[in-house]
Each structure stands twice: as structure tokens, then as C-alpha cells.
Amino acid sequence: MSVAVPFAPSPTGLLHVGNVRLALVNWLFARKAGGNFLVRLDDTDEERSKPEYAEGIERDLTWLGLTWDRFARESDRYGATDEVAAALKASGRLYPCYETPEELNLKRASLSSQGRPPIYDRAALRLGDADRARLEAEGRKPHWRFKLEHTPVEWTDLVRGPVHFEGSALSDPVLIAEDGRPLYTLTSVVDDADLAITHVIRGEDHLANTAVQIQIFEAVGGAVPVFAHLPLLTDATGQGLSKRLGSLSVASLREEEGIEPMALASLLAKLGTSDAIEPRLTLDELVAEFDIAKVSRATPKFDPEELLRLNARILHLLPFERVAGELAASVWMMPTPAFWEAVPNLSRVAEARDWWAVTHAPVARRRTIPLFLAEAATLLPKEPWDLSTWGTWTGAVKAKTGRKGKDLFLPLRRALTGRDHGGQLKNLLPLIGRTRAHKRLAGETA
RNA sequence: UGGGAGGUCGUCUAACGGUAGGACGGCGGACUCUGGAUCCGCUGGUGGAGGUUCGAGUCCUCCCCUCCCAGCCA
């Protein structure tokens with residue numbers, strides 16, 4: 001049986017690094033196994049689901065290069081659960097309840113104040129036909145709960161090893177809302193069963209859900225998939241990600257922070273695993289190194305600083321072809337490989353703009369200039385210039401003026417670029433050109 | 001409160017009950033020098049208290065801290 005994994009985000013907000021890490025891990029798992037990566041938008045919550053969030057999810061996955069083999073919306077599958085629901089009702093596993101949300105809140109509050117867990121008391125199970133008839137006559141409509149077996153639920157988790165829950169410690173979940181809408185707990189099982197999902201890899205916040213859903217899989221006669229629950233990511237201070245999203249959305253990392261997709265992927269594929277976090281330029285490399293057994297059980301912290309450092313390292317490694325598009329968008333001109341070579345130690349592609357200004361726009365004149373620069377200007381070779389020009393020229397200046405080391409190079413750098421630091425002048429000089437170089441050495445704005 | 005999980009250098013992790021190691025960061029040095037690149041070195045840790053043991057990060061007891069679930073959300 002070929003591997004099939006679902007990634008099922010709900011389009012109720014922007015994807016954050018925690019969500020997309022799960023997408024990446026699922027994708028890596030599927031690709032490593034030669035299986036299918038299936039995306040399902042869990043948009044059954046009509047109030048909170050928004051089309052723009054659905055688009056955002058597609059955009060984020062595409063940006064990262066996480067190709068899917070199927071893209072579906074739960075809302076297009078209304079009716080898919082009807083048959084299953086009818087069967088569960090017939091067998092008595094799905095039973096009607098008539099409490100209002102207010103009544104349920106009251107029950108929970110009461111139980112909590114008694115120091116008891118707020119588990120549903122199954123009062124509706126004790127209702128007779130007459131009771132139900134009376135309630136419906138009052139205009140009440142039922143919602144439907146799944147009757148859990150009060151037996152142990154056990155599975156071997158790919159990340160956590162053996163997991164054990166007592167059915168009696170769990171609350172009978174509502175599967176069908178009062179308005180007839182099937183809820184996530186049901187739709188997800190039915191979809192997984194229909195698609196022959198083999199592995200479900202999700203956050204550990206779903207642990208109790210899994211215990212419940214295993215019983216549902218069994219009740220509907222579906223094959224129970226293998227489960228893996230990853231620890232949730234927290235931010236650098238240990239706070240949960242969903243609580244303080246903001247800058248950690250994939251969209252903001254891409255559009256505001258200038259993060260490269262492979263920087264994010266390199267970090268998220270390795271964070272919380274026994275592998276060292278190192279820059280990788282292709283997803284293929286990450287697939288080759290991926291092994292879910294390397295994922296640890298502890299909660300990893302996601303540090304944006306670490307991501308930015310990785311971004312810088314990735315940028316040093318990326319060849320011109322891989323950044324040309326982004327570079328062009330950033331500097332508004334058509335950059336060249338020589339320019340990419342000359343640009344120094346960027347953390348973000350957008351920083352190249354500053355160096356485009358140095359090589360292709362006037363640099364303001366300097367107030368004071370060392371006298372030897374005039375002499376240096378006269379020694380400037382004739383064009384055409386290439387990468388050897390800097391060496392021959394500075395050699396000549398050195399011979400003529402006797403200056404060397406920092407006394408020689410720093411004034412030249414300041415005059416030519418207007419800055420104390422930057423990329424190798426060997427690379428920059430030909431891009432600046434003789435005309436500008438000559439004027440800048442004379443202290444003119446050029 | 002009930003259920004579930006977790007706690008090893010600042011961070012991510014490794015260690016059949018047998019020298020607590022690696023990676024990142026930080027610090028220092030080297031590269032006759034753009035270094036926020038690269039290379040090399042150094043730094044730094046088992047949440048706490050008992051116990052078992054020749055020997056404990058690892059096993060036992062108690063304690064502390066953190067996270068998740070306990071929705072007619074997903």
C-alpha cells in the first residue's frame with residue numbers, strides 16, 4: 001500500500017511557522033516514501049474560514065516548494081459523511097443530545113468547581129423516547145455525540161512510541177452540530193478513510209483527538225492509520241505560537257523579513273531533531289536526510305534570529321541564477337552575476353539595493369580626503385577593467401606612495417564606496433568604472 | 001482539578017547503568033586583511049531533594065517548573 005499523508009490546515013488565519021513545519025514534515029515524509037502529499041482545507045467552520053486565508057495557504061506552500069498531489073476543500077465534500085453518520089446512528093454509537101450551549105457551560109463550571117474533570121455526563125443517553133419527543137415538541141433540535149467505548153485506546157506513535165488513553169477519561173465528542181453540520185472530528189476521519197490515508201502526522205495538541213478518532217475509525221470500519229504527533233513549536237521565550245503570531249507568519253517572513261524559502265525549510269526540517277541545523281539549497285537534500293525517528297519528544301523553540309542567520313548563510317551559498325529574480329525585484333534593474341559576486345555578506349536580498357547604489361549611482365563627496373588619493377587617481381589604468389585591475393592598480397599605488405595595509409586600503413575603500421566596510425574591491429571596482437572611480441578619488445560626488 | 005506529555009550547555013540535540021559529546025550562538029585567534037565570510041581553538045549543561053548501585057542524565061520515591069487536551073472550534 002502506498003503512503004498517503006494529509007495536511008489539513010483550516011483557513012481561519014495566516015499559516016505560521018508551526019503550521020508550515022507540519023506541512024513540511026508531512027511533505028518530506030511522503031516524498032521520502034515515494035507517496036502522496038494531500039492537502040485538505042478544513043473549512044467546515046463557516047464563520048471563521050475566509051477565502052483569502054485559503055489563498056494564503058496555497059501561496060505559502062507553493063513558495064516553499066511543497067507540491068501537492070491533491071488539493072481539496074472539506075466544504076466541497078458536504079454529504080460525504082451522511083452515510084457514515086446514518087450507520088453510526090443506527091448502531092447507537094451516535095446519540096442525540098439536547099442541551100443548549102449555556103446548559104453545557106453550566107455543567108462544566110459545576111464539575112470544575114467540584115474539582116472534577118469537565119467530562120460530558122451522558123445525561124442524554126438516559127433520555128427515553130418520550131423525553132426526546134417532548135424536547136423536540138419544544139422546538140429543540142439535537143446535536144449528536146459519539147459514544148466512546150470506556151476501554152483503553154492504544155497506539156504506537158512514530159514520534160512518541162507507545163501511547164495509552166483511557167476511554168473513560170475522555171468526553172463523548174459532538175460529531176454533528178445542531179444545524180446538521182458534521183464537525184472536524186468526523187469529517188477528518190471520513191476523509192482519511194476515503195483517501196486511504198496511511199499516516200497522520202500532526203501536532204501533539206491532537207493527542208486526545210487521536211484517541212477519540214481511533215475509536216471512530218474502528219466504528220466506521222476504516223483502516224486506522226499510523227499516527228505521529230510532533231511537539232508543538234514555541235517562540236523564543238517558550239510561548240505558544242498561536243497565541244502571539246504576528247511576525248511569525250510565513251507571509252511576513254517572506255514579505256517583510258526577506259527570508260528565502262530554503263532558509264525556512266532548512267530550519268524547520270531540522271529543528272527539534274538530532275540532525276544539526278545546516279543550510280540546504282534544495283528540498284531534495286532535506287528529503288534524503290529526513291527520518292521521522294530523528295524527531296525528539298521535547299518542545300523546540302523557534303528563534304527568528306536563528307532563521308535570519310541561516311538566511312544569510314543560504315544567501316552566501318546561492319548562485320546568481322537562484323536569486324536573479326528576487327534581486328531584480330529588489331534593485332529595479334537587471335543585475336549581473338558580477339554584481340552578485342561583489343555584494344558582501346547579505347542577510348537579506350533586499351540589502352543588495354545599498355550596493356547597487358554604490359556601483360550604479362552617485363556617492364556623495366567626502367569632506368576630507370587623504371592627499372595620496374590624487375596620485376592614486378592618476379595611476380588608474382585604462383579601461384577595460386576586469387578582476388585583475390584592482391591588484392595591478394593598488395600595486396602601482398603602493399610602489400609610488402609607499403603606503404600599505406590598512407593605511408592604503410581603507411582610504412581607497414572609503415573614497416570609492418563611501419563606506420568603511422563592504423565587499424571585495426576587486427569585484428566592486430570594475431562595476432564602479434573608471435569615470436566614477438576617478439571622480440570619487442578626487443572627492444567629487446559621482 | 002482530571003487526562004496526556006516534557007525538563008541535558010544560552011538554543012537544538014547525543015550518551016547498552018560506565019570519560020556528559022556534537023551543532024548553532026558567544027568569546028578568542030588565524031587568514032598581510034570587507035569581515036557580520038571562511039578556518040581553528042575556547043567557553044558552557046544533566047530542574048531540586050533523597051534513595052538503589054562499585055558507578056546514575058539514565059533506575060526508584062517525593063517535590064518544582066513548562067506545555068497540550070478537557071468546544072455544537074479545528
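Below, read A as the first sequence line, B as the second, and so on, with proteins coming before strands; counting in each chain starts at 1.
The same atom, P, is picked in C24(B) and in C40(B); the two are 10 Å apart, to the nearest Å. Taking atom C1' in both G18(B) and A56(B), one finds a spacing of 10 Å when rounded to whole Å. If you take atom P in U46(B) and the same atom in U8(B), they sit 10 Å apart, rounded to whole Å. Between G21(B) and A15(B), the two P atoms lie 14 Å apart (nearest whole Å). The gap from the C1' atom of A49(B) to that of C42(B) amounts to 34 Å, rounded to the nearest Å. Taking atom P in both G29(B) and G36(B), one finds a spacing of 12 Å when rounded to whole Å. G6(B) and U38(B) have their P atoms separated by 36 Å, given to the nearest Å. Rounded to whole Å, the C1' atom of G48(B) lies 10 Å from the corresponding atom of C65(B).
Donor-acceptor pairing under 3.5 Å is lacking for the side chains of His143(A) and Glu178(A). No hydrogens or angles considered: a donor-acceptor pair under 3.5 Å links the side chains of Asp386(A) and Ser388(A).
What separates CG of Asn311(A) from P of C24(B) is a distance of 18 Å, to the nearest Å. Whole-Å rounding puts the Asp275(A) CG to G22(B) C1' distance at 12 Å. A straight line from CG of Leu268(A) to P of U11(B) spans 19 Å, rounded to a whole angstrom. Distance, Leu267(A) CG to C12(B) P: 12 Å, rounded to whole Å. The separation between Leu111(A) atom CG and G3(B) atom P is 15 Å, rounded to whole Å. The separation between His316(A) atom NE2 and C39(B) atom C1' is 15 Å, rounded to whole Å. Distance CD (Glu103(A)) to P (G71(B)): 16 Å, rounded to an integer number of Å. Atoms CZ (Arg419(A)) and P (U34(B)) sit 16 Å apart, rounded to a whole Å.
With hydrogens and angles ignored, no donor-acceptor pair under 3.5 angstrom links the side chain of Ser171(A) to the base of G71(B).
Counting non-hydrogen atoms under 4.0 angstrom, Gly422(A) reaches a base of the nucleic acid. Within 4.0 Å of Ser112(A), counting heavy atoms only, lies no atom of the nucleic acid at all. Here Asp303(A) lies out of heavy-atom contact (under 4.0 Å) with every strand. Within the 4.0 angstrom heavy-atom criterion, only backbone atoms of the sugar-phosphate kind lie near Arg181(A); the bases stay farther away. Counting any heavy atom pair closer than 4.0 Å across all strands shown, Asn209(A) reaches a base atom. Within the nucleic acid shown, Ser188(A) has no heavy atom closer than 4.0 Å to any nucleic acid atom. Heavy atoms of Glu99(A) sit under 4.0 angstrom from at least one base atom. Counting any heavy atom pair closer than 4.0 Å across all strands shown, His229(A) reaches no nucleic acid atom. Using a 4.0 Å heavy-atom criterion, one finds that Glu204(A) contacts the sugar-phosphate atoms exclusively. Residue contacts shown for Thr44(A) are limited to sugar-phosphate atoms, with no base heavy atom under 4.0 Å away.
Side-chain proximity of Ala177(A) to U38(B), C72(B), C68(B): nearest is C72(B). Ranking C69(B), G6(B), C12(B) by closeness to the Lys301(A) side chain, first place goes to C12(B). Of the candidates C72(B), A70(B), G25(B), A70(B) carries the atom nearest the Pro118(A) side chain, counting heavy atoms from C-beta on. Taking the side chain of Phe165(A) as heavy atoms from C-beta on, and the options G25(B), G3(B), A5(B), the nearest nucleotide is G3(B). For Pro101(A), the listed nucleotide lying nearest its side chain is C72(B); candidates were G25(B), G4(B), C72(B). Of the listed nucleotides (G2(B), G25(B), U34(B)), G2(B) has the atom at the smallest distance from the side chain of Pro117(A). Which of A14(B), G36(B), C68(B) sits closest to the side chain of Asn345(A) comes down to G36(B).
For Arg181(A) and Glu47(A), the salt-bridge test fails: no basic side-chain N is under 4.0 Å from an acidic carboxylate O. With respect to the salt-bridge test (charged N to carboxylate O, under 4.0 angstrom), the residues Asp194(A) and Arg70(A) do not qualify. Salt-bridge check for Glu306(A) with Arg309(A): failed, with every basic side-chain N at 4.0 Å or more from each acidic carboxylate O. Salt-bridge check for Arg126(A) with Asp131(A): failed, with every basic side-chain N at 4.0 Å or more from each acidic carboxylate O.
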(message) For RNA chain B, please output the secondary structure as dot-bracket, reading 5' to 3'. Pairs are Watson-Crick or G-U wobble, both atom distances under 3.5 Å; mark crossing pairs with [ ], other-strand partners with |, unpaired with a dot.
(response) (((((((..((((....[..))))((((((.......))))))...(((((..]....))))))))))))....
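No side-chain donor-acceptor contact under 3.5 Å links Thr417(A) to the backbone of Arg414(A).
Nearest approach of Lys398(A) to Arg403(A), heavy atoms of both residues: CG-O, 3.1 Å.
The residue among Ala169(A) and Arg413(A) whose nearest nucleotide of RNA chain B lies closer to the 5′ end is Ala169(A). Comparing Leu346(A) and Val174(A) by the nucleotide of RNA chain B whose heavy atom lies nearest to each, the residue mapping closer to the 5' end is Leu346(A).
With rounding to the nearest 0.5 angstrom, the CG atom of Leu241(A) is 7.5 Å from the CG atom of Leu232(A).
Using a 4.5 Å heavy-atom threshold, the side chains of Val250(A) and Leu14(A) count as separate.
One finds a side-chain N or O of Arg108(A) lying less than 4.0 angstrom from the OP1 or OP2 phosphate oxygen of C72(B). For the OP1/OP2 pair of U13(B) and a distance below 4.0 Å, the side-chain nitrogens and oxygens of Ser296(A) include at least one atom meeting the criterion.
Arg322(A) forms no cation-pi arrangement with Trp340(A), by the criterion of a distance under 6.0 Å to the ring centre and an angle within 45° of the ring axis.
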